[in-house]
Engineer: 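Below is one structure. I have some questions about it.
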Amino acid sequence: MPELSHRRRMLVLAICCMSLLIVSLDNTALNVALPSMQRELHATTSGLQWAIDAYTLVLASLLMLAGSTADRIGRKRVFMAGLVIFTAGSLLCSLAPNLELLVVFRMVQAVGGSMLNPVAMSIITNTFTDPRERARAIGVWGAVVGISMAAGPLAGGLLVESVGWRSIFWVNLPVGLTALLLTLRFVPESRAPRPRRPDPVGQVLVIALFGSLTYAIIEAPDASLPEVLPFAAVAVAALLALLIYEPRRAEPLIDLRFFHSAPFSGATGIAVSAFAALGGFLFLSTLYLQNVRGLDALHAGLWMLPMAVPTLLCAPLSGRLVGSRGPRLPLLIAGAAMTVSGLLFALFEAETSNVTLFLGYVLFGVGFGFVNAPITNTAVSGMPRAQAGVAAAVASTSRQLGQTLGVAVIGAVLAAGIGSSPYRDTFVSAARPGWWILAACGGAVLVLGLLTSGRWAHRTAERTAERLETVEVRQPVGTSG
């Protein structure tokens with residue numbers, strides 16, 4: 001890809017951020033709409049979990065395929081296809097007559113979404129070649145998540161109260177079309193010099209692993225052991241098959257050699273932990289504010305601002321810290337803040353007091369604001385540029401898998417604790433194990449940040465990058481195992 005002017009690079013960054021905005025805004029706004037959807041569509045707690053997880057599950061399953069496909073046939077081409085499918089899926093979601101079709105249309109959305117964020121990150125990585133400039137660009141990218149968290153609940157609450165929950169999906173239509181036209185005009189095409197061939201077996205195994213695991217977790221509170229056990233067995237078998245099959249391919253869907261790099265492995269674990277905490281936090285908070293406190297969607301959205309605003313403010317600061325001092329300090333701040341937030345709810349029932357609820361939300365927002373930039377920067381900075389799409393897709397997959405598991409696990413814990421009782425009577429006690437899980441996720445971010453940001457970890461990243469580059473040079477184009 002030719003070197004672009006500073007102004008053109010900034011424009012490419014803005015276009016890529018638009019794709020992240022519609023995906024993130026859709027998810028945060030939809031969380032505020034869950035109680036309204038529950039009433040209109042007569043959904044159970046597991047039904048609400050599927051409305052969220054159907055999207056993140058398909059997204060997680062297809063992100064690596066989208067990243068490698070973009071490296072092979074062209075990032076701009078795949079990115080534009082993703083915008084078209086995501087926008088069309090949003091329109092279908094707004095027309096869904098029941099929960100079952102809404103879940104199906106959310107999956108259509110996810111097919112398009114899988115072509116957006118990892119491919120956009122790959123475009124950014126190849127556009128901003130200077131490490132410090134790339135770190136600042138990733139900080140801006142992370143700030144967009146903060147913007148969506150700040151605007152999503154408020155805009156979602158306003159739309160739900162004034163028009164209805166279906167209008168949340170309408171927001172994606174003008175933004176998606178605008179991003180499509182700007183991409184066509186201003187984003188240059190780029191490909192990996194040595195693209196990988198498809199890995200259909202690996203892709204099927206990934207779908208089987210993620211899908212069966214999520215189903216087993218979500219349905220466990222309401223289903224019998226014989227109904228859940230086969231899906232758990234499929235998940236274990238798919239995982240073992242991936243570990244055996246993928247290393248035997250010269251061009252695997254998941255290149256397990258990436259995980260020889262301690263920073264990359266750490267970034268993957270941190271992404272799963274942090275986004276599991278985010279998914280569970282939003283799920284619990286939304287149901288508590290509306291079903292227990294009795295707030296309408298707009299006021300519930302306003303209560304999300306103490307979490308969203310710190311995320312917005314801390315994300316660019318985190319990007320600058322990563323660029324100037326490395327990822328350790330942002331990760332330590334993130335892990336500590338998220339852990340303390342979870343402990344406030346688990347130990348002191350923070351949701352029962354306005355002061356502690358506000359403090360818990362602020363701490364979580366600070367933690368999540370600091371965690372995104374070091375994840376992305378660490379995941380892609382130590383990898384060869386030719387495989388930027390695959391590396392970014394693994395990081396993005398980890399995020400979506402984490403959010404999927406967070407909603408699935410926390411929702412299952414909540415459903416088991418509440419049973420057939422009213423939310424108002426049992427929510428606080430039923431949610432306490434979930435808050436402990438979220439605190440543990442914050443602790444995992446803290447520990448992994450310490451372990452994977454030292455000199456030893458950086459040496460493993462350098463050795464991994466050297467081995468990957470050596471293999472790429474020796475391996476003929478198109479070779480498959």
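We're numbering straight along the sequence, starting at 1.
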Engineer: Starting at CG of L63, measure out to CZ of R399 and round the result to the nearest 0.5 Å.
Structural biologist: 10.0 Å
Engineer: Going by heavy atoms in the side chains, are Q49 and F283 under 4.5 Å from each other?
Structural biologist: yes
Engineer: Taking the side chain as every heavy atom from C-beta outward, state whether M80 and M115 have any pair of such atoms under 4.5 Å apart.
Structural biologist: no
Engineer: I'd like to know if the side chain of T311 and the backbone of M307 have a donor-acceptor N/O pair within less than 3.5 Å.
Structural biologist: yes
Engineer: Is there a side-chain contact between I218 and V409, using heavy atoms and a 4.5 Å cut-off?
Structural biologist: no
Engineer: Test W165 against V32 for side chain to side chain contact (heavy atoms under 4.5 Å, CB included), laying out the working first.
Structural biologist: CA-CA 9 Å; W165 64 265; V32 177; over 6 Å; no
Engineer: Minimum heavy-atom separation for L99 to A43, with atom names?
Structural biologist: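 For L99 versus A43, the nearest heavy atoms are CD2-CB, 3.9 Å.
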Engineer: Keeping the roles fixed (side chain from S212, backbone from A235), state whether a donor-acceptor pair exists under 3.5 Å.
Structural biologist: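 Indeed, once roles are kept as given, a pair shorter than 3.5 Å links the two residues.
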Engineer: Please examine the side chains of C93 and Q109, heavy atoms only from C-beta on, and report whether any two atoms are closer than 4.5 Å.
Structural biologist: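 A side-chain contact under 4.5 Å exists here.
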Engineer: The test is ring-ring contact (aromatic ring centres under 6.0 Å, His included); show your working for Y361 and F281 and say whether it passes.
Structural biologist: CA-CA 9 Å; Y361 280 8; F281 197 97; 5.4 Å; yes
Engineer: Judged by atom type as modelled, is there a donor-acceptor pair below 3.5 Å linking the side chain of K76 to the main-chain atoms of V187?
Structural biologist: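 Side chain of K76 to backbone of V187: a pair is present.
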Engineer: I need the I375 CD1 to S318 OG distance, nearest 0.5 Å.
Structural biologist: 9.5 Å
Engineer: I'd like to know if the side chain of R75 pairs up with that of S190 as donor and acceptor (distance under 3.5 Å, no hydrogens or angles considered).
Structural biologist: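 The answer is yes; a qualifying pair exists.
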Engineer: Identify the two heavy atoms, one from I217 and one from A412, that lie closest to each other, and give their separation to 0.1 Å.
Structural biologist: O-CB, 3.4 Å
Engineer: Going by side-chain contact (heavy atoms from CB on, under 4.5 Å), name the residues that satisfy it together with A216, two or more places apart in sequence or in a different chain.
Structural biologist: V228, F231
Engineer: Would you find a donor on one side and an acceptor on the other, under 3.5 Å apart, between the side chain of T44 and the backbone of G47?
Structural biologist: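 Looks like yes, one N/O pair under 3.5 Å.
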Engineer: Mind listing the closest non-hydrogen atom pair of G411 and T45 along with its distance?
Structural biologist: O-CG2, 4.1 Å
Engineer: Start with the C-alpha distance between V58 and F210, add both sets of side-chain angles, then the distance that settles side chain to side chain contact (heavy atoms under 4.5 Å, CB included), and finish with yes or no.
Structural biologist: CA-CA 9 Å; V58 173; F210 292 173; over 6 Å; no
Engineer: Side chain to side chain contact (heavy atoms under 4.5 Å, CB included) for D199 and Y245? Distances and angles first, verdict last.
Structural biologist: CA-CA 11 Å; D199 179 10; Y245 174 76; 3.5 Å; yes
Engineer: Evaluate F368 against F275 for ring-ring contact (aromatic ring centres under 6.0 Å, His included), listing each step before the verdict.
Structural biologist: CA-CA 9 Å; F368 192 74; F275 278 77; 5.1 Å; yes
Engineer: Without swapping roles, check the side chain of S19 against the backbone of C16 for a donor-acceptor pair under 3.5 Å.
Structural biologist: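 Looks like yes, one N/O pair under 3.5 Å.
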Engineer: Can a donor-acceptor pair be found between the side chains of E219 and W50 at a distance below 3.5 Å?
Structural biologist: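 The criterion, which ignores hydrogens and geometry beyond distance, is satisfied for W50 and E219.
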Engineer: Compare all side-chain heavy atoms of L287 with those of L48 and state whether any distance is below 4.5 angstrom.
Structural biologist: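 Sidechains of L48 and L287: in contact.
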Engineer: State, with a plain yes or no, whether a side-chain heavy atom of M304 is found less than 4.5 Å away from one of T286.
Structural biologist: yes
Engineer: Nearest 0.5 Å please: distance from the CD1 atom of I437 over to the OG atom of S273.
Structural biologist: 12.5 Å
Engineer: Run the numbers on V12 and I123 for side chain to side chain contact (heavy atoms under 4.5 Å, CB included), then give the verdict.
Structural biologist: CA-CA 8 Å; V12 170; I123 292 172; 3.7 Å; yes
Engineer: Does CE belonging to M107 count more than 12 external heavy atoms closer than 6.0 Å?
Structural biologist: no
Engineer: Of all the heavy-atom pairs spanning G442 and T339, show the shortest one and how long it is.
Structural biologist: C-OG1, 2.9 Å
Engineer: Donor-acceptor pair, distance only, cut-off 3.5 Å: does the side chain of R8 make one with the backbone of F186?
Structural biologist: yes
Engineer: Checking side-chain contact (heavy atoms from CB on, under 4.5 Å) against L173, which of I22, L91, T178 comes through?
Structural biologist: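 Going through the options one by one, the only one that passes is L91.
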Engineer: State the OG1-CG distance between T397 and L59, to the nearest 0.5 angstrom.
Structural biologist: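 Atom-to-atom, T397:OG1 and L59:CG are 8.0 Å apart.
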Engineer: Look up atom CE in M18 and atom CG in L25, then write down how far apart they are to the nearest 0.5 Å.
Structural biologist: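 Interatomic distance, M18 CE to L25 CG, rounded to 0.5 Å: 12.0 Å.
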Engineer: Might you point out which heavy atoms bring L83 and T87 nearest each other, and give the distance in Å?
Structural biologist: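 Closest heavy-atom pair between L83 and T87: O-OG1, 2.7 Å.
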Engineer: Which atom pair, heavy atoms only, marks the closest approach of A277 to M338?
Structural biologist: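 So the minimum-distance heavy-atom pair works out to CB-CE, 3.6 Å.
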Engineer: Given side chains that start at C-beta, do those of L13 and I124 come closer than 4.5 Å, heavy atoms only?
Structural biologist: yes
Engineer: Drop me the distance from L116's CG to L21's CG, to the nearest 0.5 angstrom.
Structural biologist: 12.0 Å
Engineer: State, with a plain yes or no, whether a side-chain heavy atom of L30 is found less than 4.5 Å away from one of R106.
Structural biologist: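 Heavy-atom side-chain distance check passes, below 4.5 Å.
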